[in-house]
Visitor: 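Right, I'll just put the structure down here and ask away after.
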Amino acid sequence: MAISAADVMKLRKATGAGMMDCKKALGEADGDFDRAIEIIRERGKLVANKRADRDATEGAALAKVSDDKKFAALVVLNCETDFVAKNEGFVAFTKKILDLAIANKPADLDALKALDMDGRPVEAHVTEQTGIIGEKLELSAYETVRAEDTIAYIHPGNKLAAIVGFSKEVADGQVAKDIAMQVAAMAPVAVDKDDVPAEIVEQELKIAKEKFRQEGKPENMLDKIAQGALNKFFKENTLLNQVYVKDGKMTIREFLASNDKELNVTDFKRYTLNA
């Protein structure tokens, strides 16, 4: 049967699939619009299965805050190539998932994947887009921060994003942005030294001891020397103790205090596709 251009455009608008894919699906479905949609979705599952073992290391890392600024979310949608990652449609699809996360505040990644998007779970849409785009797609990360005030930062190129929570409303928006950019640039492991996971502390002490042992330091001095190395690690890798990148004469703790003595960072999350 003849397939009209209007039908092709209607199917393309409904699925996001290419013109030729839509025309082919309508032909296979003998013009049945609903069946054509199913054919495109089935193709997505087939392509997803075929490409399951591919590496999806490119993608988009996006972040956003809620209207009341008390909730921030970060999502990462992976693909196989940088070409797809830069595609406006791919970025728009990632933003749609992020908007859904902001609106619904799911508890974790699995809950985000299960959220209803236009009548079907988010995960089903990701699979469908795999068939449309022709690359493995994976919704790989979802992070959140809840606080009295939050900010989101996306580094140009959508490869790096960060979200930060504060103890109170930040009067100067530039201060909040500078903290988010610090998190993005310097990749701290925790807000302060007491927040560093015990396993990381143990590992750093172990590495330091072995290093100084190899350098011939006395065995009875290793604990003390390793503690000094750990303190250096805290200074370089915890946000409040890091040197402020825009002013090497002060720490982030001092920068916050210089703007508002009651202001503090309560939490942050960071994700990069550049590693």
Side-chain angles (χ1 to χ4, degrees), residues 59-77 91 94-95 97-107 112 141-197 200-201 204 230-275:
L62 304 180
K64 186 178 181 179
V65 302
S66 60
D67 289 341
D68 64 6
K69 298 185 69 179
K70 294 183 182 297
F71 178 81
L74 186 161
V75 300
V76 180
L77 183 64
V91 175
T94 309
K95 286 181 178 178
I97 295 173
L98 177 58
D99 287 342
L100 195 67
I102 290 292
N104 291 274
K105 302 178 178 60
L112 174 59
Y142 166 61
E143 300 286 356
T144 64
V145 164
R146 295 174 186 266
E148 289 304 307
D149 198 0
T150 62
I151 190 167
Y153 171 75
I154 305 170
H155 193 68
N158 300 330
K159 301 293 186 184
L160 169 63
I163 50 178
V164 182
F166 298 91
S167 59
K168 58 180 291 191
E169 184 177 352
V170 185
D172 186 344
Q174 187 59 49
V175 171
K177 183 178 180 181
D178 284 350
I179 297 298
M181 291 177 69
Q182 175 87 18
V183 170
M186 300 306 292
V189 300
V191 174
D192 207 348
K193 62 181 183 179
D194 291 337
D195 305 311
V196 178
I200 293 180
V201 173
E204 289 300 316
L230 181 62
N231 290 335
K232 181 181 179 183
F233 172 83
F234 288 149
K235 183 177 180 180
E236 294 176 348
N237 295 280
T238 56
L239 178 61
L240 296 180
N241 300 295
Q242 285 181 335
V243 172
Y244 178 32
V245 292
K246 292 178 71 173
D247 183 347
K249 296 179 180 180
M250 66 171 70
T251 64
I252 290 297
R253 192 192 309 276
E254 292 167 339
F255 169 63
L256 287 170
S258 70
N259 286 275
D260 184 340
K261 286 181 169 52
E262 296 179 353
L263 180 63
N264 203 358
V265 174
T266 58
D267 194 8
F268 70 81
K269 298 289 168 40
R270 175 186 183 275
Y271 196 100
T272 180
L273 288 158
N274 295 322

Visitor: For the residue pair Asp260 and Lys168, establish whether any side-chain heavy-atom pair is separated by less than 4.5 Å.
Guide: yes

Visitor: So which atom in Ser66 and which in Lys70 form the shortest heavy-atom distance, rounded to 0.1 Å?
Guide: OG-N, 3.5 Å

Visitor: Using only atom types and a distance under 3.5 Å, with no angle test, would you say the side chain of Asp172 pairs donor to acceptor with the backbone of Gln174?
Guide: yes

Visitor: Tell me the closest heavy-atom pair linking Tyr142 and Ala107, and the distance in Å.
Guide: CE2-C, 4.3 Å

Visitor: With distance as the sole test, does Asp192 use its side chain to make a donor-acceptor pair with the main-chain N or O of Leu240 at under 3.5 Å?
Guide: no

Visitor: Between Phe233 and Val201, is there a side-chain heavy-atom distance shorter than 4.5 Å?
Guide: no

Visitor: Report yes or no: does Tyr271 contribute a side-chain atom to a donor-acceptor pair with the main-chain N or O of Glu143 at less than 3.5 Å?
Guide: no

Visitor: Looking at CE of Met181 and OH of Tyr153, how far apart are the two atoms once the value is rounded to the nearest 0.5 Å?
Guide: 4.5 Å

Visitor: Output the distance between atom CD (Glu148) and atom CG (Leu263), rounded to the nearest 0.5 Å.
Guide: 11.5 Å

Visitor: Looking at Leu273 and Ala61, what are the two nearest heavy atoms and their distance?
Guide: CD1-N, 4.0 Å

Visitor: Within the 4.5 Å heavy-atom criterion, are Pro188 and Thr238 side-chain neighbours or not?
Guide: no

Visitor: Heavy-atom distance under 4.5 Å between the side chains of Arg146 and Lys105, does that happen here?
Guide: yes

Visitor: Which heavy atom of Thr272 sits nearest to which heavy atom of Leu160, and what is that distance?
Guide: CB-CD1, 3.6 Å

Visitor: Could you check Glu236, Lys235, Lys193, Arg253 and say which one makes a side chain to side chain donor-acceptor pair (under 3.5 Å) with Asn241?
Guide: Arg253

Visitor: May I ask you to decide if Thr144's main-chain N or O and Lys269's side chain share a donor-acceptor pair within less than 3.5 Å?
Guide: yes

Visitor: Any side-chain to backbone donor/acceptor pair from Thr266 onto Gly165? Under 3.5 Å, distance only.
Guide: yes

Visitor: Heavy-atom count around Asp67 CG within 6.0 Å, excluding the residue itself: above 12?
Guide: no

Visitor: To check you understand the geometry: which heavy-atom pair defines the closest contact between Ala180 and Ile151, and what is its length?
Guide: CB-CG2, 3.8 Å

Visitor: I need the Asn237 CG to Lys232 NZ distance, nearest 0.5 Å.
Guide: 10.5 Å

Visitor: Sequence neighbours excluded, which residues qualify as salt bridge (Lys or Arg N to Asp or Glu O under 4.0 Å) partners of Lys95?
Guide: none

Visitor: Do Ile97 and Leu62 come within less than 4.5 Å of each other through their side chains, counting heavy atoms only?
Guide: no

Visitor: Between the main-chain N or O of Thr251 and the side-chain N or O of Glu254, is there a donor-acceptor pair closer than 3.5 Å?
Guide: yes

Visitor: Give the intermediate values and the outcome of side-chain hydrogen bond (donor to acceptor under 3.5 Å, both in side chains) for residues Gln182 and Asp178.
Guide: CA-CA 6 Å; Gln182 175 87 18; Asp178 284 350; over 6 Å; no

Visitor: Do you know which two heavy atoms are closest between Ala152 and Ile163, and how far apart they sit?
Guide: CB-CG2, 4.0 Å

Visitor: Taking side chain as C-beta onward, heavy atoms only, is Phe268 less than 4.5 Å from Leu239?
Guide: yes

Visitor: State the CZ-NZ distance between Phe71 and Lys64, to the nearest 0.5 angstrom.
Guide: 11.5 Å

Visitor: Between Ile179 and Ile252, is there a side-chain heavy-atom distance shorter than 4.5 Å?
Guide: yes

